[in-house]
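Order of the sequence lines fixes the chain letters, A, B, ..., with proteins taken first and strands second; residue numbering starts at 1 for each chain.
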Number of protein chains: 2
Amino acid sequence: MNRFLSNATNKIDAKGRVSVPSVFRTVLSALDIKDLYCFQDFVFPAISIGGPELLDRFERQIASEDPFSPQANEMSLLIHGGGVFTKLDQEGRLMVTDFIRDFTGITKEVTFVGRSDHFQLWEPQAFEAMQAEAREKRRLRGLPLP
Amino acid sequence: MNRFLSNATNKIDAKGRVSVPSVFRTVLSALDIKDLYCFQDFVFPAISIGGPELLDRFERQIASEDPFSPQANEMSLLIHGGGVFTKLDQEGRLMVTDFIRDFTGITKEVTFVGRSDHFQLWEPQAFEAMQAEAREKRRLRGLPLP
DNA sequence: TGGGACCATATGGGCGTCAATGGGAAATGC
DNA sequence: GCATTTCCCATTGACGCCCATATGGTCCCA
C-alpha cells in the first residue's frame, strides 16, 4: 500500500524534533525517498512533504507555460521560495523549524496527514477544524457517494 | 451472499479490540479483502469500512475533476487524511483506535451495520436512534415499499 | 426425543517486538 | 568558542502474535 493515508498526531520534543509516523516512513522507504521536499501548501495552512519528483512535477508545469508569465513567476515564487529540502534523522524524526512553525501555527504537537502521493504537517486543531468544514460542505452539497 | 447485511453489537475488550461478526468476516474473505479501508462517513457519525477498491472509487472521482480545485483538495483531505488502512488480527478482531472513538462516540461496545458493499461501526445508541429516525421519516412520507 | 459430543464464535490475557520519546555525547557550523 | 544539529543508547508503552476459556448452537446417536 504505497501511498500516504490516515492521520496521526505526535509530540515535538525539547530539541524541536518530531517522529514521522512509522506508516509514513514505510511508504517513504518503499518509494525510496531519502530527501524530503517540503513546501508551503497552496491551499491549506499546512506544510506538504514529498519526494524530489514532487518538485520536478511542479517545475515541468512551469516549463509547460510561458516562463515569463505572471503565473509561472508566482508558481516559482511558491515552490522555490517556499520550499526546502530536509532529511530524517536516523530514528525517523524531522526538525520542526521556524519555517514550519510560522506557516502552520504548530507549537507543541504535529498532525501528520496522508495525501496519497505526499503528506502534510498540520497544527492539530487547525486540521480538525478544516476537516470538519470539508465534511460539512460536502454534506450540504449533498453529493452522492460515487 | 457476498454482501454485508444485518447488524450486531460486540464488546470492546480491555485492550481496545472488538470481534468483527463472523458473517461479515465471511463476506470479507469471499471478496478476498485483506486490507480494510476505514474512513469517517460523510453523513453519519460512523466509520465506514470496505476494501481498497472503495478508496479507488473515491480517487477516480477526484481524478475526474480538476485536481487543483478546492473541492478535489477537500475531498482528498477527507478520504486520504480521514482514512486508514487496517487489518484484522488472526481471531478476526480490529483495534478500536481513538481515530474511531472520537468520531463515533464509541466507548465500550460497537454496533456493526451492514451496508451492502461495506459495513459501518456505530455507537449502539446512536445507531438505534438514527435507525428509528429513518424509519419514522419514511413512514411519514408514506413511501410504498417497492 | 433427549442427551452429550463437538464445533464455532466471542472474549480474555501473556509475552515479545517495535515505535515513540527522552536525553547524553560527539560533530558540525557560525 | 558557543550554539545548533546529528548520532547513539535507554525507557516505556502500545500493538501484534499466540494460546486459553466460555458460551451457545448444531449434529449425531442412542
Acceptor/donor pairs from residues 123-135 of chain A side chains to any protein atom, 3.5 angstrom cut, sequence neighbours excluded:
| from | atom 1 | to | atom 2 | distance (Å) |
| --- | --- | --- | --- | --- |
| Glu123(A) | OE1 | Gln125(A) | N | 3.1 |
| Glu123(A) | OE1 | Ala126(A) | N | 3.0 |
| Arg135(A) | NH2 | Gln40(B) | OE1 | 2.6 |

**OP:** Could you list by number each residue of residues 95-109 of chain B showing a heavy-atom separation from DNA chain D of less than 4.0 Å, or answer none if no residue does?
**Re:**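 Of all residues in residues 95-109 of chain B, the ones placing a heavy atom under 4.0 Å from DNA chain D are Met95(B).
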**OP:** Write out the stems for DNA chain D, ordered by first number and formatted as range with range, counting runs of at least 3 consecutive Watson-Crick or G-U wobble pairs under 3.5 Å.
**Re:**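 Ordered by first number, the stems with DNA chain D (at least 3 consecutive pairs each) read C:1-30 with D:1-30.
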Original post:
Counting only N and O atoms by type, is there a donor-acceptor contact under 3.5 Å from the side chain of Ser76(A) to the main-chain atoms of Asn73(A)?
Top reply: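 Answer holds: no.
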**OP:** May I ask you to check whether over 12 heavy atoms, not counting those of Phe68(A), lie within 6.0 Å of atom CZ?
**Re:**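 Counting other residues, nucleotides and ligands, CZ of Phe68(A) stays at 12 neighbours or fewer.
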Original post:
Rounding to a whole Å, what distance do you find between Leu88(B):CG and dG16(D):C1'?
Top reply: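 So the CG-C1' distance, Leu88(B) to dG16(D), works out to 13 Å.
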Identify each atom pair where a protein N or O and an N or O of nucleotides 28-30 of chain C are less than 3.5 Å apart, giving names and distance.
none

Original post:
How many angstroms lie between CG in Leu31(A) and CD in Glu53(A), if you round to the nearest 0.5 Å?
Top reply: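 It comes to 7.5 Å.
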**OP:** Drop me the distance from Arg60(A)'s CZ to Asp56(A)'s CG, to the nearest 0.5 angstrom.
**Re:**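 Atom-to-atom, Arg60(A):CZ and Asp56(A):CG are 6.0 Å apart.
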Salt bridge check: are [X] and [Y] linked by an N-O gap of less than 4.0 Å?
X	Y	answer
Asp41(B)	Arg138(A)	no
Arg115(B)	Asp117(B)	no
Lys87(B)	Asp89(B)	no

Subject >> Between Phe58(A) and Phe42(A), ring centroids under 6.0 Å >> reply: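 Phe58(A) vs Phe42(A): aromatic centres under 6.0 Å.
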**OP:** May I ask you to check whether Trp122(B) and Phe112(B) place their ring centers less than 6.0 Å from one another?
**Re:**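 Ring centres of Phe112(B) and Trp122(B) not closer than 6.0 Å.
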Check residues 18-27 of chain B and write down every donor-acceptor pair under 3.5 Å in which the side-chain atom is one partner and the other belongs to a residue at least two apart or another chain.
| from | atom 1 | to | atom 2 | distance (Å) |
| --- | --- | --- | --- | --- |
| Arg25(B) | NH1 | Val20(B) | O | 2.7 |
| Thr26(B) | OG1 | Ser22(B) | O | 2.8 |

Original post:
Same cluster or not: are Val110(B) and Ile100(B) linked, directly or through other Ile, Leu, Val, Met, Phe, Trp or Tyr residues, by side-chain heavy atoms under 4.5 angstrom apart?
Top reply: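 As far as the 4.5 Å side-chain criterion goes, Ile100(B) and Val110(B) are connected within one cluster.
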Original post:
Hey, quick one: are Leu94(B) and Phe39(B) part of the same hydrophobic cluster, counting side-chain heavy atoms closer than 4.5 Å, chains of contacts allowed?
Top reply: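 No; tracing contacts between hydrophobic side chains, which count when under 4.5 Å, never links both residues.
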Subject >> Base-contact (B) and sugar-phosphate-only (S) positions in nucleotides 9-26 of chain C, heavy-atom cut-off under 4.0 Å, - elsewhere >> reply: SSBBBBB---SSBBBBB-
Subject >> Any Gln90(B) side-chain N or O less than 4.0 Å from OP1/OP2 of dG16(D) >> reply: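 Answer is no, no contact under 4.0 Å.
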